[in-house]
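Here's the structure, in structure tokens; my notes come after.
Throughout, protein chains are lettered first and strands after them, A, B, ... in sequence-line order, and every chain is numbered starting at 1.
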Number of protein chains: 2
Amino acid sequence: MTSSSELENAALQAAKFERVREAHKTEVAEDYVELIDDLINVNGEARVVELAERMGVSHATVNKIVGRLQREGLVVSRPYRSIFLTDEGREMAVEARRRHEIVVKFLKAAGVSPETAEIDAEGIEHHVSDETLDCLSALTGKIEI
Amino acid sequence: MTSSSELENAALQAAKFERVREAHKTEVAEDYVELIDDLINVNGEARVVELAERMGVSHATVNKIVGRLQREGLVVSRPYRSIFLTDEGREMAVEARRRHEIVVKFLKAAGVSPETAEIDAEGIEHHVSDETLDCLSALTGKIEI
DNA sequence: CTGAATTTGTAGCCATGGCTACATTTATTG
DNA sequence: CAATAAATGTAGCCATGGCTACAAATTCAG
Ligand SMILES: [Mn+2]
Ligand SMILES: [Mn+2]
Ligand SMILES: [Mn+2]
Ligand SMILES: [Mn+2]
């Protein structure tokens, strides 16, 4: 509620919650493609075991999610081989990393400890619009001066 | 990744994702109790139809979620009657509204349009730690001066 | 007070993302 | 090269939060 004792328009309010639900559908994909891209860049390849270890879930869970990512055209994986990103997956990874870094930098500039900044950014990153991202970048610049 | 070509400690990274998954378990509850509290304050009662309308979901979905909230001790509801918050539910509502308002105020102060601020806050609010919340409040004060 | 409209409940379906347990394949090592 | 270890796959379970369709209760008019 916007502090006054008036309730906002129901449809408008519903639209916000729908937006959040929409974000939740893509955020798992975003985190996985970003991590896959990291692993490929650093290790040369992305394997199920390491995804499982770094996501903190079982390898069975990773397998299921990789299956969905492949269905959705973000990833290519053949049985017992390492996992590759499609062009679309790579684009999503780049975009996800961009958001992630802007949020982390802003939080640190705002005085949040590096550890907490990293933790909070992992959730926040999926819910910031381009408009907000621009404002956070601008603010980070101003604070640092 | 932290920009360098080094991968961070796997267990630390996993802890962050676990935190996000944890937040996702509570955020539906937070949004519902906050809305229920709003409806009680403004309308005198919270009913399934209006929850459904304002959350943008079917009344069947609301019923299922209210059932869970009751199981978890956040809500009391008897068949065909309106929905009440327990003390615990009310506490959660107050806390959720506090977070919500701090985030919205900060975003607006940062130059985000009121509409976008409200939209983004609905997702962000569930992923900000107390530490970050304090920093955002402080920053909002500074910007406004 | 009765009949229609509204609200609420419930059943049963689906996809997602968790898990364990077990099977299979690939990699390592003696 | 064979045996063991490690990685991957798969089956089947669970809870959540979506939905539609239908049933039952409550509320509102007339
Ligand atoms: Mn994330
Ligand atoms: Mn979220
Ligand atoms: Mn919310
Ligand atoms: Mn809220």
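We find that CG of B:Leu51 is positioned 13 Å from P of C:dT7, with the value rounded to whole Å. Taking atom CD of residue B:Glu50 and atom C1' of nucleotide C:dT6, one finds them 14 Å apart after rounding to whole Å.
Not one side-chain nitrogen or oxygen of A:Asn63 sits closer than 4.0 Å to the OP1 or OP2 atom of D:dT8. For the OP1/OP2 pair of D:dT8 and a distance below 4.0 Å, the side-chain nitrogens and oxygens of A:Arg47 include at least one atom meeting the criterion.
By the 4.0 Å N-to-carboxylate-O rule, B:Glu22 lies close enough to B:Lys25 to be salt-bridged with it. Using a cutoff of 4.0 Å between basic side-chain nitrogens and carboxylate oxygens, B:Glu101 and B:Arg99 are not scored as salt-bridged.
Listed by chain and residue number, nothing satisfies the salt bridge (Lys or Arg N to Asp or Glu O under 4.0 Å) test with B:Glu53 (two or more places apart in sequence, or in another chain). In this structure, the salt bridge (Lys or Arg N to Asp or Glu O under 4.0 Å) partners of B:Lys16, at least two apart in sequence or on a different chain, are A:Glu118, B:Glu8. In terms of the salt bridge (Lys or Arg N to Asp or Glu O under 4.0 Å) criterion, residue partners of A:Asp37 (sequence neighbours excluded) are, by chain and number, A:Arg97. Partners of B:Glu30 according to the salt bridge (Lys or Arg N to Asp or Glu O under 4.0 Å) rule, which considers only residues two or more places apart in sequence or in another chain, do not exist here.
Side-chain atoms of A:Arg54 never come within 3.5 Å of backbone atoms of A:Leu35 as a donor-acceptor pair (strictly under, hydrogens ignored).
For DNA chain C, the residues of residues 70-85 of chain A within the heavy-atom distance limit of 4.0 Å (strictly under) are A:Arg71, A:Tyr80, sorted by number.
Between A:His127 and A:His24, the ring planes are perpendicular. Angles over 60° get that label, and only those under 30° would be called parallel.
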Please list, for nucleotides 17-21 of chain D, all pairs of protein and nucleotide N/O atoms separated by less than 3.5 Å.
residue: D:dG17; atom: OP1; partner: B:Arg68; partner atom: NH2; Å: 2.9
residue: D:dG17; atom: OP2; partner: B:Arg68; partner atom: NE; Å: 2.6
residue: D:dG17; atom: OP2; partner: B:Arg68; partner atom: NH2; Å: 3.1
residue: D:dG18; atom: O6; partner: B:Lys64; partner atom: NZ; Å: 2.4
residue: D:dC19; atom: OP2; partner: B:Ser58; partner atom: N; Å: 2.8
residue: D:dC19; atom: OP2; partner: B:Ser58; partner atom: OG; Å: 3.1
residue: D:dC19; atom: OP2; partner: B:Thr61; partner atom: OG1; Å: 2.9

